[in-house]
Trainee: 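Have a look at this one before I ask anything.
In listed order, ligands and their atoms are each counted from 1.
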Amino acid sequence: MTSILVTNDDGVHSAGLLRLAEVLEALGEVTVVAPDREKSASSHALTLHRPVRIRGFEARRFMVDGTPSDCVYLGALQVLERKPDLVVSGINHGSNIGDDVTYSGTIAAAFEGTILGIPSFAISLAGADMSDFTAAAMVAELIAGKILADRLPRDTLLNVNVPADEIKGLRCTRQGRRIYDETVHRGVDPRGNEYYWIGSGEVPHMDQGPDTDYMAVREGFVSVTPLHLDLTHYESLELMSRDWGADLESSLLRLTSRSI
Ligand code: MN
């Protein structure tokens, strides 16, 4: 039987995860292994320096006092008897577009699945209104079915964002760029100590390229962005090996020969 591991970064009781687990039951046996609390923006952290606890609370439902990546790692290698056929992370409460990709715990969980050799995707509901996950759950089921039937290219995961308003269609997109407002709020706590708050809470500006994840969602389309595990930028590799690399190497060799 097809085995599907479901996780998220919003916590095991969040509405998006419950809806996702429910809808994927149509495709196989779903096991939820998710953080016991909100772990958004935890990126790809693994807990290595303290013990991690797994607590089962219903049939095939487990909470972990760790990160989304811990959940996928432990879910695939400990909770389940064999690696699952698919890892699905979400449905995140809020979009994961542009540079969010590098901060997102939701997407990191899908990266972790990919590292373990399991087809994986992340799915997020993009918008302010988080009251209705119906459409996003339907998209999740569709994409899960497609991946189980057709697989994914090697070392590749999908980052899916579903607009919260009416859906006009689906676009395959590239990752956009966030234009940061670079805000730090400084305050003083009741005990007279300074604290800092990162970000303004305002909606960030985005690179408005027509082929980006951001534009797809803004125009009412489901955005599907393939992401690759190998972060090497191959164009730059060529350029760097040609120019930089030779320069750096000759300087290095001068320094090392002098120090001998
Ligand atoms: Mn989240």
Side-chain angles (χ1 to χ4, degrees), residues 4-24 30-47 52 61-75 86-115 120-137 139-140 143-144 157-165 173 175-176 178 180 197-204 206 213-214 216-218 222-225 227:
I4 303 171
L5 179 63
V6 168
T7 193
N8 74 348
D9 75 355
D10 297 325
V12 73
H13 301 299
S14 70
L17 176 117
L18 297 177
R19 196 72 193 86
L20 179 64
E22 194 180 16
V23 78
L24 292 177
V30 173
T31 305
V32 172
V33 183
D36 61 1
R37 69 200 78 176
E38 160 90 42
K39 285 282 178 188
S40 290
S42 63
S43 189
H44 201 166
L46 264 187
T47 305
V52 179
R61 299 292 181 269
F62 301 86
M63 58 174 88
V64 174
D65 66 341
T67 64
S69 299
D70 293 338
C71 292
V72 172
Y73 191 88
L74 293 170
L86 180 69
V87 170
V88 188
S89 180
I91 300 167
N92 191 60
H93 294 213
S95 64
N96 273 308
I97 51 179
D99 295 312
D100 297 345
V101 164
T102 57
Y103 298 102
S104 165
T106 309
I107 297 174
F111 265 111
E112 191 60 32
T114 308
I115 287 174
S120 303
F121 73 95
I123 182 158
S124 306
L125 182 59
D129 180 11
M130 289 296 124
S131 60
D132 188 3
F133 287 91
T134 313
V139 171
I143 289 178
L157 57 126
L158 300 182
N159 177 31
V160 181
N161 282 275
V162 181
D165 305 325
T173 57
Q175 181 188 338
R178 183 191 277 267
Y180 287 95
W197 200 284
I198 294 173
S200 62
E202 305 262 312
V203 177
M206 297 290 293
D213 46 9
Y214 169 74
V217 166
R218 209 183 82 170
V222 174
S223 163
V224 179
T225 311
L227 299 176

Trainee: Angle at the Mn ion (ligand 1) between OD1 of D9 and OG of S40, to 10°?
Mentor: 100°

Trainee: Looking only at heavy atoms, what is the nearest atom pair of D132 and L125, with distance?
Mentor: O-CD2, 3.6 Å

Trainee: Could you state the interatomic distance from CD (Q175) to CG (D213), rounded to the nearest 0.5 Å?
Mentor: 6.5 Å

Trainee: Quick check on Y73: does its OH atom have over 12 non-hydrogen neighbours (other residues, nucleotides or ligands) under 6.0 Å away?
Mentor: no

Trainee: The Mn ion (ligand 1) is nearest to which N, O or S atom of D10?
Mentor: OD1

Trainee: Do T106 and N8 have a side chain donor and acceptor closer than 3.5 Å?
Mentor: no

Trainee: Looking at the Mn ion (ligand 1), is one of the N, O or S atoms of N92 less than 2.8 Å from it?
Mentor: yes

